[in-house]
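We number each residue from 1, following the sequence as shown. Counting convention: from 1, in listed order, for ligands and their atoms alike.
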Amino acid sequence: MRFPLALTAKIARHIIKHKMLRTPRFALVLQLEPLHTCNLTCTGCGRIREYSTSLKDMMTLEDCLASAEECEAPMVSICGGEPLIYPKIEELVAGLLDQGRIVYVCTNAMFMRKKMRDYLAGVYAPALEPTLAKLLAEKLISDKDVETIRKGKSDARPAIKPSKWMYWNVHIDGLEYTHDLIVEREGVFKECVEAIRMAKILGYQVATNTTVYKETKVKEIEEMFEFFSSLEVDGHTISPGYEYDAAKKDMVKRLHKQPEDFFLTRKMTREKFAKIQEWGERFTIFGTPVYQEFLAGKRELTCTAWAIPTRNIKGWKAPCYLMTDGHYPRYQEMLDKVDWNKYGVVDGVARDPRCENCMVHCGYDPSGALGTNFQRGDNWKNFKYNFWPKPKPYYEGRKVTAFNGVSVGKGHLAQAKAAINTGLAGAKSAFQNNGGDGHAAGSCGSGDTSLGDELLAKSEGAKGEKSRQE
Ligand code: SF4
Ligand code: SF4
């Protein structure tokens, strides 16, 4: 099965219950943003830009847990910001698991190994020595780490431990070169890979979460899946990057750029995702085959953004993860007060111009699961996709040159930044101004890729120039 039976059954029960009760709208996945602070400043991240005035604020643990109870979503995706910075992340994960939720911790992975070391310290016993030896041999922990782990945990706080109800959901936007450019820090991809390897040794479930941009090459997406499949990750989510409203306004105002120069239109998304169904056969891609058909341009779907609501410090964000027309204190109030007929694209016609190019998973994947645009055979397709044996790890993926950037000595970010510093004044000032609040899409961001594209373009230019000189 692509998704473990107990988890599939839990979601199916939830849908059937609400169908029988004829509930018009209900939540499937809660996107919980306990804070918007992040340790990275990814290019173009809409989250930090939109909430730049409340970066230091955070939801209380009680508020987070109450939000999950309030909307009753069987699945909670803890995002942000970087959720591993949230001071009570362990208690939050434990509390959500106690509530019986399926929990995704959407992370840029920079603190994942630390959290797993904390877990090891909490459960340390001599029987753990072979595991420590393996981690040490694989250079995933140091001798000093081993000493600390052997001392045990110094507090009584819970740790994030492996569970069949929990996934690490690691933000990966390409192979090393692309990913580190987008997150604007060298070494992040390498850390992601090491964290994933350590997690798999310790028995955690791991998924990757990828946003596809205009600049993302289809071949690279395939190679990325092949590589991470060889590491035995448990699944992948993938979604098109989209002209995030907050980021689009910022781009026009500050960079004097036209959004269509950077963002995926519907047409471009369909071209990029033309092979999504083939990927779904080869790799464990989460989501419904109906949504995959939609991405590949084979059918239309109606947006069901209310099924993946976002809750953050300001309240329930409406209408969706991407656009903000208001925040509501209660989920039900948001459901009742928002005129949902104003949003989405129906039969190719945008009800709201801001929705025109949106095909993101948080708007349309639930439509596939809920049968919103039901066609004969959909139930069988969804059933088959979930219940048939999941694709085997693709061990040939070990041959992919995943480390195609800084770890092979190219120092691409320095090169890209130098190119910008000597190049476009607008891009330079935008990049510098953006130091604390620019962000790229991913598990958490999703949206404005303009500055990333600028960096990529400059970097490509710099590489070309260098090879011409050589
Ligand atoms: S997109 Fe990057 S900067 Fe934004 S929240 Fe995620 S990891 Fe942080
Ligand atoms: S189509 Fe739906 S998910 Fe996309 S921007 Fe519009 S309301 Fe949000």
Side-chain angles (χ1 to χ4, degrees), residues 31 33-52 55 78-86 106-112 169-173 179-185 188 191-192 209-211 213 239-248 263-264 266 269 294 300-310 312 317-325 338-346 349-367 372 434-449 451-452:
Q31 304 250 43
E33 299 176 341
L35 80 180
H36 289 120
T37 315
C38 191
N39 54 315
L40 292 182
T41 53
C42 302
T43 304
C45 170
R47 265 311 178 260
I48 287 189
R49 182 167 294 133
E50 182 173 353
Y51 293 98
S52 60
L55 287 180
I78 312 175
C79 33
E82 169 51 50
L84 296 187
I85 294 178
Y86 184 60
C106 298
T107 176
N108 58 39
M110 297 302 278
F111 300 123
M112 240 175 97
N169 194 12
V170 181
H171 164 194
I172 302 275
D173 281 342
H179 184 73
D180 284 358
L181 271 172
I182 289 174
V183 303
E184 291 187 18
R185 190 181 298 177
V188 174
E191 182 57 41
C192 290
N209 186 316
T210 302
T211 307
Y213 302 124
S239 180
Y242 157 71
E243 51 184 32
Y244 202 103
D245 192 41
K248 186 163 88 173
F263 297 117
L264 286 177
R266 280 203 157 206
T269 296
F294 169 67
E300 291 293 344
L301 287 177
T302 307
C303 164
T304 47
W306 39 264
I308 306 196
T310 301
N312 61 35
K317 183 177 182 297
C320 65
Y321 185 70
L322 301 168
M323 289 200 307
T324 313
D325 286 348
V338 171
D339 180 359
W340 298 99
N341 293 326
K342 277 183 8 193
Y343 300 105
V345 178
V346 178
V349 180
R351 290 157 153 176
D352 183 310
R354 296 171 296 173
C355 298
E356 190 178 342
N357 290 309
C358 173
M359 298 177 83
V360 296
H361 93 281
C362 54
Y364 291 93
D365 200 12
S367 315
T372 312
N434 209 32
D437 69 355
H439 247 223
S443 54
C444 29
S446 97
D448 181 356
T449 66
L451 301 175

Quiz prompt | Carboxylate-amine/guanidinium contact K317 E33, below 4.0 Å | solution = no
Quiz prompt | Under 4.0 Å to a heavy atom of Y343 - the qualifying atoms of ligand 2, by number | solution = 7 (S)
Practice problem: Indicate yes or no: at least one non-hydrogen side-chain atom of H171 is less than 4.5 angstrom from one of H179. | Solution: yes
Quiz item: Which is it for I78 and Y86 under the side-chain contact (heavy atoms from CB on, under 4.5 Å) test, yes or no, and what are the steps along the way?
Solution: CA-CA 10 Å; I78 312 175; Y86 184 60; over 6 Å; no
Quiz prompt | Heavy-atom closest pair, residues C303 and G344 | solution = CB-CA, 3.9 Å
Practice problem: Write out the residue and atom name of the closest protein heavy atom to atom 1 (S) of ligand 2, then the distance separating them to 0.1 Å. | Solution: Y364 OH, 3.4 Å
Quiz item: So do the side chains of L40 and E184 get within less than 4.5 Å of each other, counting heavy atoms only?
Solution: no
Quiz item: What protein heavy atom is closest to atom 6 (Fe) of ligand 2, reported as residue, atom name and distance in Å?
Solution: C355 SG, 2.4 Å
Quiz item: Stepwise, does the side-chain contact (heavy atoms from CB on, under 4.5 Å) test hold for R266 with M359?
Solution: CA-CA 7 Å; R266 280 203 157 206; M359 298 177 83; 3.8 Å; yes
Quiz item: Would C303 count as a contact for atom 4 (Fe) of ligand 2, in the sense that one of its N, O or S atoms lies under 2.8 Å from it?
Solution: no
Quiz item: Hey, is the main chain of V360 close enough, under 3.5 Å, to the side chain of S239 for a donor-acceptor pair?
Solution: no
Quiz item: Where do D173 and T211 come nearest, in terms of heavy atoms and distance?
Solution: OD1-N, 3.1 Å
Practice problem: Report the nearest protein non-hydrogen atom to atom 8 (Fe) of ligand 2: residue, atom name, distance rounded to 0.1 Å. | Solution: C320 SG, 2.3 Å
Quiz prompt | Protein residue, atom and distance nearest to atom 4 (Fe) of ligand 2, heavy-atom basis | solution = C358 SG, 2.3 Å
Self-check item: Proximal atoms of ligand 1 relative to G81 (non-hydrogen, under 4.0 Å)
Solution: 5 (S)
Quiz prompt | G363 neighbourhood, listing ligand 2 atoms whose heavy-atom distance to it stays under 4.0 Å | solution = 3 (S)
Exercise. Identify, by atom number and element, the atoms of ligand 1 in contact range of C38, meaning under 4.0 Å from any of its heavy atoms.
Key: 3 (S), 5 (S), 7 (S), 8 (Fe)
Practice problem: Run the numbers for me: atoms of ligand 2, each under 4.0 Å from some heavy atom of G344, listed by number. | Solution: 1 (S)
Quiz prompt | Atoms in ligand 1 flagged as close to N108, the criterion being non-hydrogen separation under 4.0 Å | solution = 7 (S)
Practice problem: Could you tell me if any non-hydrogen atom of L40 lies under 4.0 Å from any atom of ligand 1? | Solution: yes
